[in-house]
**Q** 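Once you've had a glance at the structure underneath, I'll fire off some questions.
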Amino acid sequence: MTEFAHGLTTGAVARRLGVAPTTLRSWDRRYGIGPAAREDGRHRRWTPEDVAVLHEMCRLTSSGIPPAEAARAALAGPAPAPPAPPAPPAEGEPLPRPARRPGSGNGLPLGAVRQECRGLGRAAVRLDAWAVDDMLASVIAQYGLVTAWEEVMAPTLHAVGRKWETSGDRYVEVEHLLSWHVSSALRRAAGPPPSGSRAGVPPVLLACVPGEQHTLALEALAAGLAELGLPTLMFGPAVPPEALDQAVRRTGPAAVVLWSQARSTANPPLARHVADTVWGVRGARARPAVLPAGPGWAGQSFAPGTLRPGGLRDALALLRGLCDAVAAGQS
């Protein structure tokens, strides 16, 4: 192939494999998995054979093999060729059940997704925290927060969650590591709370319904609102009804986003109660817009006019419009 005419750079190989360039340099330094040639004696140039070794290293580490052991196996050469396929069955005989590929159960069920999802998933399975951080920062910088969340972070998180659910007690550590680093990346993207923007606009209150512990989608929403310069109050997981009621009455928010990940946590009576909460002096009463967000609310019935966002991009557009309307009414 022409792209290998002079060898690939480390950056090009990293993009092909979905790993961080520093991971490749670390493997070279620690385990001797490096390019056969270096341009001018310094710059790494990877040949097809070098990349094949890296592919094997990635496959082995993604299956849970420790890096040092995986490096020895990758450097030892490819595994024996698989046996020739069996002859087709005679007419009338049932088709044989396909054999399970060794290690096939260790991959993440990602389906048709961006290549960055596969790289992020492999780094998470390897428990390569540095690579996970590097990839998250890269996709946010390259695609923006909304696309990074909807097309890279969320699909990878869902795939890890499905893998955990179908693998007994395995992969819990992968989900915890990935969730923590996604949360950290979202908070870095949000930056400090906006100070002088949208003066006088009431905040958007973000809370998980009682019993709901999943906060990452709300953290993505908080980061997106920060990019828009909209004030937010994040109350996090499993907010008790009494605490939510007091927060609404004390802050007079422009909107309240109630997150529910599972149907078992969706609480329509609580949503109706929040929507009916009023404050202010007689003749100038106000009440918040309530946005039930998350898959847990699917199939629930709501009062006319209830806003039900379909995703992060939709939620940001709805909340921006609500805050703009409140600001216009106060001017």
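Everything numeric in this text was worked out from a predicted model, so none of it was measured.
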**Q** Is there any ring-ring contact (aromatic ring centres under 6.0 Å, His included) pair reaching into residues 291-329, and which pairs are they, with sequence neighbours excluded?
**A** Trp297-Phe302
**Q** Counting heavy atoms not belonging to His181, are there more than 12 under 6.0 Å from its NE2?
**A** yes
**Q** Where do Arg313 and Glu150 come nearest, in terms of heavy atoms and distance?
**A** N-OE2, 3.1 Å
**Q** Working to the nearest 0.5 Å, report the span between CZ of Arg188 and OG of Ser183.
**A** 9.5 Å
**Q** Does any pair with a residue in residues 268-277 pass side-chain hydrogen bond (donor to acceptor under 3.5 Å, both in side chains), and if so which ones, sequence neighbours excluded?
**A** Asp245-His273
**Q** Is the backbone N or O of Thr22 less than 3.5 Å from a side-chain atom of Ser26, with the two atoms forming a donor-acceptor pair by type?
**A** no
**Q** Would you say the side chain of Val290 lies within less than 4.5 Å of the side chain of Leu307, judging by non-hydrogen atoms?
**A** no
**Q** Looking at Thr47, is its backbone amide N or carbonyl O close enough to the side chain of Asp50 to form a donor-acceptor pair, meaning the two atoms are under 3.5 Å apart?
**A** yes
**Q** Between Ser179 and Glu175, do the side chains contain a donor N or O and an acceptor N or O under 3.5 Å apart?
**A** no
**Q** So, for Leu316 and Leu221, which heavy atoms are closest and what is the spacing to 0.1 Å?
**A** CD2-CD1, 3.7 Å
**Q** Taking Arg308 for its side chain and Pro292 for its backbone only, find out whether a donor-acceptor pair lies under 3.5 Å.
**A** yes
**Q** For a side-chain contact (heavy atoms from CB on, under 4.5 Å) with Leu205, tell me which candidate from Val274, Leu244, Thr232, Val257 qualifies.
**A** Leu244
**Q** Got a donor-acceptor contact below 3.5 angstrom from the Gln261 side chain to the Gly296 backbone?
**A** no
**Q** Answer yes or no: is there a side-chain heavy-atom contact under 4.5 Å between Thr9 and Trp46?
**A** no
**Q** Which atom pair, heavy atoms only, marks the closest approach of His214 to Cys208?
**A** O-SG, 3.1 Å
**Q** Would you give the length of the straight line joining atom CG of Leu186 to atom CE of Met153, rounded to the nearest 0.5 angstrom?
**A** 5.0 Å
**Q** Do side-chain atoms of Thr147 reach the backbone of Gly144 as a donor and acceptor pair under 3.5 angstrom?
**A** no
**Q** If we ignore angles and hydrogens, is there a donor and acceptor under 3.5 Å between the side chains of Ser260 and Asn267?
**A** no
**Q** Could you check whether any side-chain N or O of Thr156 sits under 3.5 Å from a backbone N or O of Val152, counting only pairs where one atom can act as donor and the other as acceptor?
**A** yes
